Amino acid sequence: MNAEIHPIKTAAETALAENFATAKGALPGAGAVAALREEAFRRFESDGLPHRRIEEWKYTDLRALMRDAKPLAGVPDAAAKALARNAGAALASIEARRIVFVDGAFVSELSDLAGLETGLTISSLGQALAAGDAQVLAHIGRVVSTDDVAVALNTAFMGDGAVIRVAAGIALARPIHLVFVNAGPEPAAVFARSLVVIEQGARAMLVESHEGAGEYQVNSALELKVGDGAHVDHIKITAEGAGALHVASLMAAIGAHARFNEFLFTTGAAVARNQLFVRFAGEGAIAHICGASLLRGRQHADTTLVADHAVGDCTSREVFKSVLDGEARGVFQGKIIVRPHAQKTDAKMATHALLLSETAEADNKPELEIFADDVQCGHGATSGDLDEELLFYLKARGIPAKEAEALLIQAFVGEAVEGIEHAGLRDALMDQVAAWLKQRE
Amino acid sequence: MHLLEVKNLHVEVDGKKILNGLELSVGRGSVHAIMGPNGSGKSTLAHVLAGKDDYVVTQGEVLLDGEDILALPPDERAAKGLFLAFQYPLEIPGVATMTFLRTALNAQRKKRGEGELSVPQFIKRVNEVAAQLGIDKDMLRRGVNVGFSGGEKKRNEILQMALLEPRLCVLDETDSGLDIDALKVVSDGVNRLRSPERSFVVITHYQRLLNYIVPDVVHVLSRGRIVKTGDKALALELEATGYAQYQDEAA
């Protein structure tokens, strides 16, 4: 879509090209996989890193934000694995099957792979690519097609990740928690790629958390296929370290009469971009795509969503909340596409930003592209500061200013979080909100 | 010493003078009514006492137990025993009533150097008070005032008052928007809280409320100052004659 000639390469673009040339022989997979990588890399080469003149990246100029490209992370050593032992602690109270990735690599000895429920398989994407697993290759890059350059870079460099399959009709007894941790301390780049296939009528909850220390870059992608009549919850927690650049892409295809609940909770990374490409592939599906971001300092977080109603009779609800302090910047771009035959689509999108300082910034860009005539679509966006009248009411009851603010901020974020079906996870996230507020002094 | 002494209070809002040398002394255990026409400064007085930001005190003092409280933020005034029952209690979606009450009570106790109440202690206490006021437990499970009727909101104000046990209660037009049944319930709640240790400043436009909350002293407020003080008979007199004469007098 971008035919612009881009002859001058930035330092990061040059380094990415060098990294690819050096690493491609060692990246998992030959033949079809290698061809896929080459093709994806050519896409990056022709367009370069996305920048502000690319509409989808208007507010997150990756070319400017990405000063350099870190070297590809090596295989984690024992010390790195030891550091990862406590990863995902924020969700320790939840009975979940933990699958741990250190510096992008699947670490089976830290993962809970015992007693997998019948119909559940969990394996390494790196191994599947290396083995040329036909079932995996049938899906990679195909669940929802996109020409996004960040996704192309992920495809070019994808190292490891999870391959999860839940067989038809199986309901998982407990959530699966994909724990991604960057152990550091050397600057590194991680390209994690996962494929999750939830077959017809199955039920699964997938939690994904990202954290780390030091200076690092994460480009993570998840392809998620939700079968007809399946019920899938996906909660992604981005709590990366202060030196992290985090770009994550979700490509999700939702089958007929399926139920899909997505929640993005973001508190971390210097720069975070969560992009979601959600495609309704069968009629009668319901998707709730929600999120909350809490940012401070000079943090930048961008959520960019494309909800593609390719078929009719589907419902989508989006509620995103952001709390912005200091000089933080929160971006939300949400596009709802209703294709010509997608009649009876019911889509509503709301984004709300709470600005706690004069220097914080919220950018909201809702877009509706409607080609059908019998649909209900709407969007709303607000931004503002805390209500002085409410604060006075709380203070007049003896609640100190900071505590009064905290109560109102929790209420604001809580409105989005309460949509999460899992009570334990709701509580764990609200604990994270409380912890974030404690640092506000 | 009086519990509350307001001396020569001058207050401006957005550069406009609202209170103009107001003097008021409220003794321990007494109920003072402040009556006045619209725009006389009644609500301004209530908000200045509670410490709202937008009001600029240009002169004067407000002494609670001899201590000037004008420099204190609202929460510290509350901890010292001042309570404002709002004319229009606000709805706070997402903040559970029980969380709100417990945060408020424990913040005040902490500031006074008293121990915080445990959750079971607190729940027991709220249930006692709610039962006395005939407040349905279902109301306590909702967000603060969310979906409450006018009467329920006012009852919730009285519940907070009963729970926080202030020494000085300022009731800002508590009767507004209440039908006669709700007015009785709210007044009963207030009367139950009357004690030799607790004083009330009841601000109202209408005499009607004072049939239920019988004042010891009645003041007429006009153009930002008290222009007449009497006993409860003054309220009845005002009901008959209206405020016109006081507005003329002040002018």
Side-chain angles (χ1 to χ4, degrees), chain A residues 263 265 290-292 294 319-323 350 352-354 356 358 380 382 384-420 423 426-427 429-434 436-438 440-441, chain B residues 46-55 72-112 114 116 143-146 153 156-157 159-161 163-166 169-170 172:
Chain A
F263 196 91
F265 185 81
C290 302
L294 297 111
V319 180
F320 283 86
K321 300 249 179 172
S322 51
V323 178
H352 305 288
L354 184 56
L356 301 180
E358 295 285 323
T382 64
D385 50 11
L386 288 167
D387 186 321
E388 285 297 331
E389 299 294 322
L390 292 182
L391 282 174
F392 175 63
Y393 189 50
L394 295 168
K395 290 188 280 189
R397 293 296 172 259
I399 301 173
K402 280 285 174 203
E403 253 181 279
E405 290 176 16
L407 276 177
L408 295 183
I409 295 166
Q410 281 170 316
F412 175 81
V413 177
E415 225 186 324
V417 171
E418 73 186 11
I420 295 173
R426 281 201 304 271
D427 292 346
L429 292 186
M430 288 315 289
D431 286 347
Q432 292 305 298
V433 173
W436 188 87
L437 288 168
K438 266 216 159 64
R440 253 194 104 225
E441 276 301 321
Chain B
H47 285 113
V48 168
L49 291 177
K52 194 153 195 281
D53 276 344
D54 328 332
Y55 298 82
L72 299 179
D75 56 302
E76 290 184 27
R77 299 185 194 194
K80 288 191 182 295
L82 192 150
F83 182 93
L84 170 64
F86 281 58
Q87 181 178 5
Y88 303 110
L90 293 127
E91 297 192 13
I92 318 182
V95 177
T97 300
M98 290 299 261
T99 306
F100 165 65
L101 295 175
R102 192 157 67 90
T103 308
L105 183 60
N106 279 338
Q108 291 200 17
R109 292 180 65 97
K110 206 168 137 188
K111 215 161 282 166
R112 291 194 293 259
E114 303 161 9
E116 295 188 13
V144 177
N145 292 325
V146 175
K153 285 180 185 171
N156 194 16
E157 293 291 286
L159 169 77
Q160 293 164 40
M161 191 193 288
L163 190 70
L164 297 170
E165 302 179 292
C169 307
V170 179
D172 185 13

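If you're wondering where the values come from, they're calculated on a predicted model, not measured in any experiment.
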By salt bridge (charged side-chain N to carboxylate O under 4.0 Å, His left out), R397(A) pairs with (sequence neighbours left out) E157(B)
Checking heavy atoms, do the side chain of L90(B), its backbone, both or neither come under 4.5 Å from chain A? both
Partner set under side chain to side chain contact (heavy atoms under 4.5 Å, CB included) for T99(B), not counting sequence neighbours: L407(A), A96(B), T103(B)
So, the part of K110(B) with a heavy atom under 4.5 Å from chain A: the answer is neither
Go through A79(B), A107(B), A104(B) and name the one with the most non-hydrogen pairs under 4.5 angstrom from chain A. A104(B)
For A396(A) against P74(B), the heavy-atom pair lying closest together: N-CB, 4.2 Å
How far does CD of E389(A) sit from CD1 of I92(B), to the nearest 0.5 angstrom? 11.5 Å
Out of curiosity, R102(B) CZ to I399(A) CD1, how far, rounded to the nearest 0.5 Å? 11.5 Å
Give the minimum heavy-atom separation between A78(B) and K395(A), together with the two atoms involved. CB-O, 4.3 Å
K153(B) atom NZ: more than 12 heavy-atom contacts under 6.0 Å: yes
Taking side chain as everything from C-beta outward and backbone as N, CA, C, O, which of these in E76(B) sits under 4.5 Å from a heavy atom of chain A? Side chain, backbone, both or neither. neither
Centres of the Y88(B) and Y393(A) rings: under 6.0 Å? no
Considering only heavy atoms, which portion of E415(A) lies under 4.5 Å from any heavy atom of chain B: side chain, backbone, both, or neither? neither
With heavy-atom distances below 4.5 Å as the criterion, would you say the side chains of F100(B) and L394(A) are in contact? yes
Check against side chain to side chain contact (heavy atoms under 4.5 Å, CB included), F392(A) and L84(B): CA-CA 11 Å; F392(A) 175 63; L84(B) 170 64; 4.3 Å; yes
Heavy-atom proximity to chain A below 4.5 Å, by part of P93(B): backbone
